[in-house]
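Model, not experiment: these values are computed from the prediction. First the proteins, then the strands, lettered A, B, ... as listed; each starts at 1.
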Amino acid sequence: KAGVTQTPRYLIKTRGQQVTLSCSPISGHRSVSWYQQTPGQGLQFLFEYFSETQRNKGNFPGRFSGRQFSNSRSEMNVSTLELGDSALYLCASSLQGQALDTQYFGPGTRLTVL
Amino acid sequence: AQSVAQPEDQVNVAEGNPLTVKCTYSVSGNPYLFWYVQYPNRGLQFLLKYITGDNLVKGSYGFEAEFNKSQTSFHLKKPSALVSDSALYFCAVRRSSGGSYIPTFGRGTSLIVHP
């Protein structure tokens with residue numbers, strides 16, 4: 001079974017631009033979560049989608065948004081990029097997003113904001 | 001609020017020696033606990049999890065972890081370290097019931113295995 005895939009793997013943007021990241025979950029997984037990983041803050045939860053609905057949201061500004069499609073693929077959008085948005089963005093999928101479900105992570109998208 | 005502490009930023013061990021990466025947690029109710037490993041420029045890979053039952057959990061690549069409810073700990077262990085085990089290790093906790101199931105991750109522990 002194919003793992004979680006994320007595209008693109010690397011992105012370089014400038015301040016003020018916007019960016020869209022894509023995540024394809026493992027086949028059959030309906031829950032997709034997004035995380036931001038930085039050296040200073042570690043792994044921070046952005047949001048979780050299940051059946052095309054945002055079910056949970058972390059403490060990030062409204063510039064960060066996402067959506068999920070009927071095939072469970074998910075996209076994350078960041079508008080008006082800031083230098084501090086430079087990070088590794090990780091997507092994780094699980095069957096139902098329940099507490100005991102294992103999350104499987106993609107390789108991440110490395111975003112650099114100049 | 002739930003939290004995870006990984007008290008050591010870095011653990012150094014010689015190849016062939018046993019290794020321990022420490023994790024303590026705080027959560028309301030019963031915890032579900034996870035260990036992940038991250039290699040450079042890669043996402044997190046699942047190692048093992050504790051849901052219920054036997055306090056000693058065996059996982060991938062020869063790793064195991066021991067759940068200790070009284071000490072609220074879930075330390076990761078391996079009897080004989082390999083150089084290829086060098087990576088960043090994350091502990092995570094989720095509450096088993098009530099509220100959201102968003103996991104909380106520790107800050108990570110860098111394991112360095114010396115030849």
Minimum heavy-atom distance B:Gln38-A:Leu90, with the two atoms named: NE2-CD1, 4.4 Å
Interatomic distance, B:Phe34 atom CZ to A:Gln103 atom CD [nearest 0.5 angstrom]: 7.5 Å
Heavy-atom pair of closest approach, residues B:Phe90 and A:Gln37: CZ-NE2, 3.4 Å
Over 12 non-hydrogen atoms of neighbours within 6.0 angstrom of NZ in A:Lys57: yes
Common cluster, B:Val21/B:Val37, ILVMFWY with side-chain heavy-atom separation under 4.5 Å: yes
Atom group of A:Arg55 that falls short of 4.5 Å from chain B, counting heavy atoms: neither
Single-linkage hydrophobic cluster, 4.5 Å side-chain cutoff, A:Leu43 and A:Phe60 together: no
Heavy atoms from other residues, nucleotides or ligands near CZ of A:Arg15 exceed 12 (cutoff 6.0 Å): no
Whether over 12 other heavy atoms sit under 6.0 Å from B:Arg42 CZ: no
Rounded distance (nearest 0.5 Å) linking atom CD1 of B:Ile102 with atom OH of A:Tyr35: 8.0 Å
Exceeds 12 heavy-atom contacts within 6.0 angstrom, atom CG of A:Asn71: yes
Which atoms of B:Arg107 approach chain A - backbone, side chain, both or neither, heavy atom under 4.5 Å: side chain
Joint cluster assignment, A:Val32 & A:Leu111, ILVMFWY side-chain distance < 4.5 Å: yes
Nearest-0.5 Å distance, CG of residue A:Asp101 to OH of residue B:Tyr32: 10.0 Å
Linked, directly or transitively: B:Val27 and B:Trp35 (ILVMFWY side chains, under 4.5 Å): yes
Cluster link B:Tyr39 to B:Leu111, ILVMFWY, side chain under 4.5 Å: yes
Greatest number of heavy atom pairs closer than 4.5 Å to chain B - which of A:Gly108, A:Gly40, A:Ala92: A:Gly40
Residues of residues 44-63 of chain B with any heavy atom under 4.5 Å of a heavy atom in chain A: B:Leu44, B:Phe46, B:Lys49, B:Ile51
